[in-house]
Amino acid sequence: MVDPTPFPRSEVLSVSGLTVSYDGKLALDGAEAHVPRGTLTAIVGPNGAGKSTFLKAVLGLEPSTGEVRAFGRPVAGVLDRIAYVPQRAAVDWSFPVRVFDVVLMGAYRRTGLLGRITTALRAEVAEALDRTGMADLADRQIGALSGGQQQRVFLARALMSRAELFLLDEPFAGVDAATEAAIISVLQGLRDGGATLLSVHHDLSTVSSYFDRVLLLNRRTVAEGTVATTFTRERLATTYGAALLQAAIV
Amino acid sequence: MAEFLALSLPPILVAALAALACALPGNFLILSRRAMLGDAISHVVLPGIVAAFLLTGSSAGWVMGAGALVAAGLSALMIEAVTRRSGMEPGAAMAVVFTTMFAAGVLLLEVTGTGAIHLDVEHALYGNLESLIWLSAEGLHSLVDPAALADLPPQLGRLALIAAGIALALVVFWRPLAMTVFDPVFARGQGIRVRWVMAGLTAATALAAVAAFQAVGSILTISMLICPAATARLLTAGLARQVWLAVAFAVTSAVMGYVLAGYAPVWLGAGFTVSAAGMIATVSGAMLGLALLVTSQRAPARL
């Protein structure tokens, strides 16, 4: 069911036979993905389909079997070229740290243990905050931010890592419309700059306008390809089960 | 002055250094919600010391310290094993491991007799701060007299070294430590060896706890690992500021507690003094209470 790659470009991420089990229950059962460079792919599927697990397993954060290669090499060796933007709930929001410092953490590979925080680096942090619409909130404690603002801090931090592959887990969960527009334009800007992005996405009504590719996942890969060829009613029905689809589409 | 130098200065310095050494890792224990780990390590120090004495027959400081460090490492491994196998929350696993090991240590003390070894349950709880005296102190000039300085209680030099070592490690590993405690998943993506960082934090905690335990006992050790950092946590939203504040609170409560223990009962007309370690712990607890009162007027803070 997987479409042949319509892009003659090099494959940035290739996943085959990716399997994850929790206590004997399969969360992922041989998932596949073949993602060409410079694309923005939505990972779509019902609750419990293993979408977040897929991202974590790709990064090696979950024990898994199967093969994952990024930039043609095992992921563990190229983590510096990959940025992961997790779901919002993943950190302690009462942690005593300012927005600026969180974003600066994205440059750790460049600063190292004791490297100086140069003026240029500070300017880069300011630019990342500006791109995500957070410039005014640099000095806020992160717990004092709204959900959408917290999400954008993570995105700004990912921008600092100068990654070529971005894996985002529901970047639009719980954000307002303005934030959603800001985030998607940053993601599309990254894609246009040559980066490759995969994002777990829940809102089927925006898939076509936001993304150029889609990965339909329900523990295994149901279909993968361009939105035009793959994001079809028939394949969504296979992914969600016909009855659920009605509810999901309204 | 000679009396102050001989009787009060060494215990005040030891208490302050012990408080400092504990308060530094304490900040990160609290932020990573591992406060109980300090509690656990401080308690397993006792069986470690007793076992080291029984095995070697020596009560030299470094033998005891080594025994305590081994016990601390062992208990950290046991806590992880219990957490993994049972699916219990880490706090419960810690409570199980450290109460069992502490109780075993007390039994071991009783069975083997305390006559030969300068250790009993009261010392284990409160340490022997008041016994740290500097007999060679004759006046201010003793502070620059190498012969007199060599006679300072050995705990002082050891604690100074350990406190300095922990402070240095904290400065060098500040970024990976902060990143690991804040967001371990992201830290891993940035190439930080998260498990090693957390093991280093555990080791620093154990080192501080063992060094402090020998001088000030387990109650003050636990108090100093948690109270100053928790107080600072309530009062600021910046990590560096929190650590500085914790250091200030730790040293202040050590000095204030020592002075109060020696003089407060006398001021109140009583003819005795109270345990310095107990008073220091009480003062640092009172500081936390005060901070709670102040901040409860504002937005609720979560520990």
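This is a predicted model, so every value here is computed, not measured. Proteins come first, then strands; the chains are lettered A, B, ... in the order of their sequence lines, and each starts at number 1.
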Practice prompt. Side chain from CB out, backbone as N, CA, C, O: work out which of these in A/Leu104 comes under 4.5 Å of a heavy atom of chain B, or both, or neither.
Written response: neither

Practice prompt. Check B/Gly191 against A/Arg109 and note the closest heavy-atom contact, atom names and distance.
Written response: N-NH2, 3.2 Å

Worksheet item: Closest approach of A/Pro96 and B/Thr236, non-hydrogen atoms and distance?
Response: CB-O, 4.4 Å

Fill in: Ion pair check, A/Asp101 and B/Arg175, cut-off under 4.0 Å
no

May I ask you to test the [X]-[Y] pair for a side-chain heavy-atom distance under 4.5 Å?
X: A/Leu114; Y: B/Trp174; value: no
X: A/Val91; Y: B/Asp183; value: yes
X: B/Arg33; Y: A/Asp92; value: yes
X: A/Leu113; Y: B/Pro176; value: yes
X: A/Val102; Y: B/Phe182; value: yes

Practice prompt. State whether the number of non-hydrogen atoms from other residues, nucleotides or ligands found under 6.0 Å of A/Arg191 atom CZ is greater than 12.
Written response: yes

Practice prompt. Count the heavy atoms belonging to other residues, nucleotides or ligands that lie under 6.0 Å from CZ of B/Arg193, then report whether that count exceeds 12.
Written response: no

Worksheet item: Mind checking what makes side-chain hydrogen bond (donor to acceptor under 3.5 Å, both in side chains) contact with A/Thr132, not counting sequence neighbours?
Response: none

Fill in: Value rounded to 0.5 Å, distance of CD in B/Gln242 from CZ in A/Phe95
8.0 Å

Worksheet item: When rounded to the nearest 0.5 angstrom, what is the spacing between CZ in A/Arg157 and CD in B/Gln190?
Response: 8.0 Å

Fill in: Toward chain A, the part of B/Arg241 with a non-hydrogen atom under 4.5 Å
neither

Worksheet, complete the sentence: Residue pairs meeting salt bridge (charged side-chain N to carboxylate O under 4.0 Å, His left out), one or both in residues 15-30 of chain A, sequence neighbours left out, come to A/Asp29-A/Arg220

